[in-house]
Colleague: 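Structure incoming, see below.
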Amino acid sequence: MFGLDELKQTRYFQEVAAEAKEKGKLKGQIEGKLEGKLESVPKLLQMGLTVQQLALALELDVEQVRQVIPDLSNSDKTPESQA
C-alpha cells in the first residue's frame, strides 16, 4: 500500500497538484481584476456615469456596481462633510 510520501511522488499526484496550483493562481488573478474594477467605481460615479454605464464599461453586472455604492456613502465621509 502507498504511503503519503510515495503518493506525492507519482506523476498523477504531481499533475493534479500542478493543476490545482494553476487554478488557484487564475482565481487570484480574476479576484484581483474584479477588485480593481470595483475600486474604479467611485471615480467613475464622480465623473457622472450612471450605474448602467459603469456596468457596461467595466463588464460587470449592474448589481455588482450597486453593491459597491452603499459602501461608498459610508466610507467616504470626510471630516468636512461630518461638520
Side-chain angles (χ1 to χ4, degrees):
M1 192 138 175
F2 277 127
L4 183 58
D5 289 333
E6 290 85 10
L7 180 62
K8 287 181 178 180
Q9 293 175 7
T10 64
R11 184 167 59 181
Y12 177 75
F13 180 90
Q14 291 173 0
E15 288 173 359
V16 170
E19 185 178 327
K21 186 176 181 179
E22 186 63 32
K23 284 183 181 179
K25 285 181 185 178
L26 290 175
K27 183 179 177 186
Q29 289 173 349
I30 291 169
E31 289 173 354
K33 286 181 181 181
L34 175 61
E35 186 177 326
K37 288 179 179 186
L38 294 176
E39 287 176 355
S40 66
V41 168
K43 196 60 132 175
L44 295 171
L45 282 172
Q46 288 177 351
M47 294 174 67
L49 272 66
T50 66
V51 172
Q52 290 79 13
Q53 290 170 326
L54 275 167
L56 183 63
L58 297 174
E59 298 176 345
L60 297 171
D61 292 332
V62 171
E63 195 55 40
Q64 287 176 303
V65 175
R66 285 189 176 140
Q67 288 176 355
V68 176
I69 295 171
D71 293 340
L72 297 176
S73 61
N74 292 334
S75 64
D76 283 348
K77 295 194 179 189
T78 59
E80 300 88 34
S81 66
Q82 293 176 353

Colleague: Do Leu60 and Leu38 have side-chain heavy atoms sitting under 4.5 Å apart?
Modeller: yes
Colleague: If you measure from CG on Leu26 to CD on Glu31, what distance do you get to the nearest 0.5 Å?
Modeller: 11.0 Å
Colleague: Are Val41 and Leu34 linked, directly or through other ILVMFWY residues, by side chains that come within less than 4.5 angstrom of each other?
Modeller: yes
Colleague: Flag yes if more than 12 heavy atoms outside Glu59 fall under 6.0 Å of its CD atom; otherwise flag no.
Modeller: no
Colleague: Answer yes if Met47 and Leu56 sit in the same cluster of Ile, Leu, Val, Met, Phe, Trp and Tyr residues linked by side chain heavy atoms under 4.5 Å apart, and no otherwise.
Modeller: no
Colleague: Drop me the distance from Leu58's CG to Leu49's CG, to the nearest 0.5 angstrom.
Modeller: 8.5 Å
Colleague: Do you know which two heavy atoms are closest between Gln9 and Gln14, and how far apart they sit?
Modeller: O-NE2, 3.5 Å
